[in-house]
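Below is one structure, written out as structure tokens, with a few remarks after it.
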Amino acid sequence: MSEFLSYLFTLLVVGPLQAEISERLQDVPSTEIVQAGHACIAAEAPRLLQRAQEDWSWAAANAVGVGVGVVDPVSLLSGQNPDCERLVQVLTQSDNEAEEA
């Protein structure tokens, strides 16, 4: 059962998270930030899966939230990872600039 839930969480949360980051980074000219994005996902995907296995209610709430668009998948990234911290900072900055335009 745990493997099935991990598969669903990967399908419903980790996949959209990777797609969201890739889409947002298309307009970022810095290859350094793109590499940080890839490193962040590589580090955080296993952590997210571990948390999902340990807390099924968290996993279900976030899977539904991401699925219906209420939860930004980027918000699930840990601030403890320096690559993720840089990535979230750049994405937040570009989102704020897009809102102002």
Side-chain angles (χ1 to χ4, degrees):
M1 184 69 151
S2 179
E3 289 178 26
F4 178 70
L5 291 174
S6 293
Y7 171 75
L8 282 178
F9 188 78
T10 299
L11 183 69
L12 298 173
V13 176
V14 176
L17 175 61
Q18 290 173 321
E20 181 82 17
I21 288 174
S22 293
E23 183 179 313
R24 287 182 175 180
L25 290 179
Q26 286 179 351
D27 298 332
V28 175
S30 171
T31 48
E32 183 180 320
I33 297 299
V34 172
Q35 290 172 344
H38 292 298
C40 172
I41 291 297
E44 288 300 299
R47 184 192 65 81
L48 290 172
L49 286 172
Q50 180 67 34
R51 181 162 182 199
Q53 289 175 345
E54 293 171 355
D55 187 351
W56 293 1
S57 61
W58 176 86
N62 282 293
V64 170
V66 168
V68 298
V70 176
V71 174
D72 181 2
V74 175
S75 69
L76 300 176
L77 299 175
S78 171
Q80 299 171 349
N81 182 310
D83 289 318
C84 292
E85 193 173 307
R86 288 179 34 219
L87 177 67
V88 169
Q89 186 177 38
V90 167
L91 294 178
T92 303
Q93 197 173 46
S94 65
D95 285 347
N96 288 340
E97 289 172 1
E99 287 176 7
E100 292 175 3

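Quick note: numbers below take in every heavy atom, side chains included, and nothing from hydrogens, waters or symmetry partners.
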Inset, instruction - State plainly whether the residues R47 and E44 are in salt-bridge range, i.e. N to O under 4.0 Å. - result: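 Counted as a salt bridge, because a side-chain N and a carboxylate O are separated by less than 4.0 Å.
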Heavy atoms, side chains only, cut-off 4.5 Å: are [X] and [Y] in contact?
| X | Y | result |
| --- | --- | --- |
| L77 | C40 | yes |
| R86 | E32 | yes |
| W58 | L76 | yes |

The remaining residues in the hydrophobic cluster of V70, counting side-chain heavy-atom contacts under 4.5 Å among Ile, Leu, Val, Met, Phe, Trp and Tyr, are V68
If you look at every heavy atom in [X] and [Y], which pair is closest and at what distance?
| X | Y | result |
| --- | --- | --- |
| A43 | N81 | CB-ND2, 3.2 Å |
| A42 | P46 | O-CD, 3.3 Å |
| A52 | A59 | CB-CB, 3.6 Å |

Interatomic distance, [X] atom [atom1] to [Y] atom [atom2] [nearest 0.5 angstrom]:
| X | Y | atom1 | atom2 | answer |
| --- | --- | --- | --- | --- |
| S6 | L11 | OG | CG | 12.0 Å |
| Q35 | L87 | CD | CG | 12.5 Å |
| C84 | I21 | SG | CD1 | 7.0 Å |

**Prompt:** Side chains of Q89 and E85: donor-acceptor distance under 3.5 Å anywhere?
**Reply:** no
Test side chain to side chain contact (heavy atoms under 4.5 Å, CB included), reference L17, set L12, T10, L48, D72, output is L48
Before you tell me yes or no, could you show the steps for F4 and F9 under side chain to side chain contact (heavy atoms under 4.5 Å, CB included), namely the whole-Å CA-CA distance, both residues' side-chain angles and the distance that decides it to 0.1 Å? CA-CA 9 Å; F4 178 70; F9 188 78; over 6 Å; no
